Amino acid sequence: MVALNGSSVQELMKVDLASTSVRELNAELHAPTARRYEVHNPRGAEAIAVGLRHAIEVEIHGPAGYYCAGMNMLADVVVHGSVGTGVAENMMSGSVRVRGDASQSAGATGHGGLLVVEGSASMRCGISMKGIDIVVGGDVGPMSAFMAQAGRLVVCGDAGDGLGDSIYEARLYVRGRVGSPGADCVEKEMRDEHVAELERLLADAGLPHDPGEFRRFGSARRLYHFAAHNSAAY
Amino acid sequence: MCGIVGLHLKNPALEPELGRLFVPMLEAMTSRGPDSAGLATYDAEGMHVVKDVGLPRDICAAHDIAARSGHQAVGHTRMATESAVTSDHAHPFTPLPDLALVHNGSFSNHASIRRTLARQGIACTTDNDSEVAARFIARELTEGADLEDAMRSVLKEFDGFFTLLVTSGTQFAVLRDSFACKPAVIAETADYVAMASEYHALAELPGIGDARIVEPEPERVYAWSR
Amino acid sequence: MIDPAQAGLRESATFDRATIAAIQRAAETGVYDIRGWGAKRAVPHFDDLLLLGASMSRYPLEGYRERCDTDVVLGDRHASNPLHLDIPITIAGMSFGALSAQAKEALGRGATEVGTSTTTGDGGMTPEERGQSKHLVYQYLPSRYGMNPDDLRAADAIEVVLGQGAKPGGGGMLLGQKISERVAGMRTLPAGIDQRSACRHPDWTGPDDLTIKILELREITDWQKPIYVKVGATRTYYDVKLAVAAGADVVVVDGMQGGTAATQEVFIEHVGIPTLAAIPQAVQALDELGLHRKVQLIVSGGIRTGADVAKAMALGADAVAIGTAALIALGDNHPRYADEYAAIGSAPGFYDDFQDGRDPAGITTQDPELAARLDPVEGGRRVANYLRVLTLEAQTLARACGKAHLRNLEPEDLVALTIEAAAMARVPLAGTSWIPGQGF
């Protein structure tokens, strides 16, 4: 790790993963001695910047692998590249921004914070989400927002098949086409409060689309109680 | 349960570099499959297969894979699930002289298909589930199907989880099951098509920064020919 | 009403009264039966094994004077802070939601009093159980209900749950009666709905991906916490090998008698293998990897007595976990509730409607009035007492076999009463040197 100055809490620390291990990086990020970090040469490595819990900024220059920024709290992480499976999985707070594309299960089970994928996300984006906000600039793959419990998923492009299958109380906004809505997921009316929250989410994500171009999807709440007449839907 | 890599060169100028480009891809998948590794390379003379128990680095070094030239390569690192760790159980499975299959995942009805094939006189030589898929595709090809049709037949017959990469002397094809849980990423440039279980296996390829990166959709055959 | 036996009436063994009732219930409702508890059918079990006490060829230890130690270290393969437990009997994962907060607290108190660990469940960690548990294992489950990295860091070990013995391959099902405001809040669900949990993790599938998931969990917790991997017993030999390959410090194998809060009856009775059959498979896998006793094996599913503990350890377990038995120790199925069981169509000894939330003993419920019947301090005392008895019983048997430490029990200290048990446990039929399935 290369320190830019000698004081105990530095402004910026640069970490080169070509010469520093992910273990060393994460240990530093868990007890940070700088306010901002630049991570170079990630080359798709797994578990980069996981378990952060301080209000620090981390910029990753290049593609990251599985579980980048997993379980993030408070920190703001930016990836200048693509990310592998489970980016920002189970995020609690803070933000994660992916300048490229995200692989499967982006933002899975996230409880809070904001995940922005400027490119597209693949299958199961927002699976089992529990309060996280996810804004995807491009498309999301099939089975996105599967069993989504709470939070908002905004898709500026198209959504794949099975969107929001077995969804609970999460709200989904899609600008493009929806392959097919999943079981118990239905299109719902865009009321003023939905336009307003979508406007804020798009502004937070820095993606200047007109909220009027989006449709809202949510739970029909037909599967909330286990019943014989729904057996075909299980 | 494993790591998959494949490289299909479009630009003949890269053919002398095939092995040098391919070895880091296979080594990057070591943690996904530490038990054994295997690969097939294709050149003008045909398909050349290496399978062995041990780490990809050692296997590639022992066979000087980095020095190989050719137009296509496919490789696999294996974490054995329900069958033994031997070089015979290592992928790729090569039931025809120019056909190679690598698989990540786990078929849930391979025993039944194995019995069906056996009744037709097609015997598997290992208890590995992936071999069944390789012999199934070989049967389809032998009966006249093209590779894409043969892989679509896999979707009809096989249950379970799979990402498959299948190569022939001229073709390079990728397929995932309907759940598509087992990872796959494809990178395409004007010079090559590369496929891997995880992106970091592709990270050293030339021009990867500008490649078109795709995650294959479920139940869709992605195929390239030369 | 006539007495059918007296009248010479014949009941069908195939369509017995329970089967007839089940068919008629299905026809009535159109929905499968969901219940708690574990498999109720008879399967080969520890009762079919006997220990060979010392006589002439071996020397026993003096029962009340000579030491027989019971401590165990769990998770020292990769973790910098492994668990040091005083006894090898732990409390299995049971969720707040399935159990009341008082019951969870009582389990923590009881375990702490005797120096062992307790485990969270599918629903997150409550302050009550963290506060009262010296050693707390945090379960990491497919649903990720209440999953919080601060709780992960506050735990003493992490248990990645792939499945449980009552329902290997199945997800959870907690019915709306038990989704109180607090339970719903912890799980981020609307109160009162029937909750279906996932059977697969949302962001990984298979041992190759689990390797990366375990790496992430270790990175988040700075390589301090032991990582357990829990599987329901089915293809145990392969599953244990793969759990170790993926990096587990401890493997937990739960046999089909292991309990559940709510699962389909058909699942509980028809999926999985008995605990007795699973242990030798797990030990064989660890042995072949050269990691038996290095990656610890915890066995659960039908542990009731110190004899069960001793026999499980003799077969190669490093520790056991109890679930159903701990609830019974708290007062589940106690005869003093006979009238109340009758009022909800059950009886002491038969009550298994843990999904229903109307538990007269106040254990498997979220009803504040029922839950208040269980005093966590008194409950903790009962659990501690029961754990002490299990330990004393196991020590008694181990001493008789000449062991100064429970872990020195070995398969050669066992014989089987039945051919089935001999084959499954891979020990000889009593009085013979015959282990069915071996040597042919």
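Letters A, B, ... mirror the listed sequences (proteins, then strands); counts begin at 1. Owing to the predicted nature of the structure, the values given are computational and were not obtained by experimental measurement. The figures that follow rest on heavy atoms only: side chains count, while hydrogens, waters and symmetry mates do not.
- Only the backbone of C:Ser197 comes within contact range of chain A, judged by heavy atoms closer than 4.5 Å.
- Heavy atoms of other residues, nucleotides or ligands lying less than 6.0 angstrom from CD of C:Glu28 number 12 at most.
- In this structure, A:Glu89 CD and C:Met147 CE are separated by 7.0 Å, a value rounded to the nearest 0.5 Å.
- C:Asp203 CG to A:Tyr67 OH: the interatomic distance, rounded to the nearest 0.5 Å, is 4.0 Å.
- Rounded to the nearest 0.5 angstrom, A:Arg221 CZ and C:Ile193 CD1 are separated by 10.0 Å.
- Going from atom CG of C:Asp194 over to atom CG of A:Leu223 covers 10.5 Å, rounded to the nearest 0.5 Å.
- The contact between A:Met71 and chain C is made by backbone and side chain atoms together, counting heavy-atom distances below 4.5 Å.
- No donor-acceptor pair under 3.5 Å is formed between the side chain of C:Glu219 and the backbone N or O of A:Gly51.
- Only the side chain of A:Tyr168 comes within less than 4.5 Å of a heavy atom of chain C; its backbone N, CA, C and O stay farther away.
- Contact between C:Pro190 and A:Glu169 at its shortest, heavy atoms only, is CG-CG, 3.7 Å.
- By the 4.0 Å N-to-carboxylate-O rule, A:Arg23 lies close enough to C:Asp222 to be salt-bridged with it.
- Side chain of C:Arg196 to backbone of A:Ser166: no donor-acceptor contact under 3.5 angstrom is found.
- Note: A:Met147 CE to C:Arg144 CZ = 12.5 Å, rounded to the nearest 0.5 Å.
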Stepwise side chain to side chain contact (heavy atoms under 4.5 Å, CB included) check, A:Glu46 with C:Leu215: CA-CA 8 Å; A:Glu46 296 149 354; C:Leu215 172 73; 3.9 Å; yes

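- Closest approach of C:Ser143 and A:Ser128 over heavy atoms only: O-OG, 3.7 Å.
- Contacts between C:Pro149 and chain A at a heavy-atom distance below 4.5 Å involve backbone atoms as well as side-chain atoms.
- Put simply, OH on C:Tyr140 and CG on A:Asn90 are 6.5 Å apart, with the number rounded to the nearest 0.5 Å.
- Scanning all heavy atoms of the two residues, the minimum distance from A:Ala150 to C:Thr188 falls at CB-CG2, 3.7 Å.
- Neither the backbone nor the side chain of A:Gln104 comes within contact range of chain C; no heavy atom of the residue lies under 4.5 Å from a heavy atom of that chain.
- Highest contact tally toward chain A, considering only C:Asp209, C:Thr221, C:Ile212, is held by C:Ile212 [criterion: heavy-atom pairs under 4.5 Å].
- Here C:Asp150 is the residue among C:Ile34, C:Leu217, C:Asp150 with the most heavy-atom pairs under 4.5 Å with chain A.
- Seen from the ring of A:Tyr66, C:Lys213 does not count as a face-on cation partner, given the 6.0 Å and 45° thresholds.
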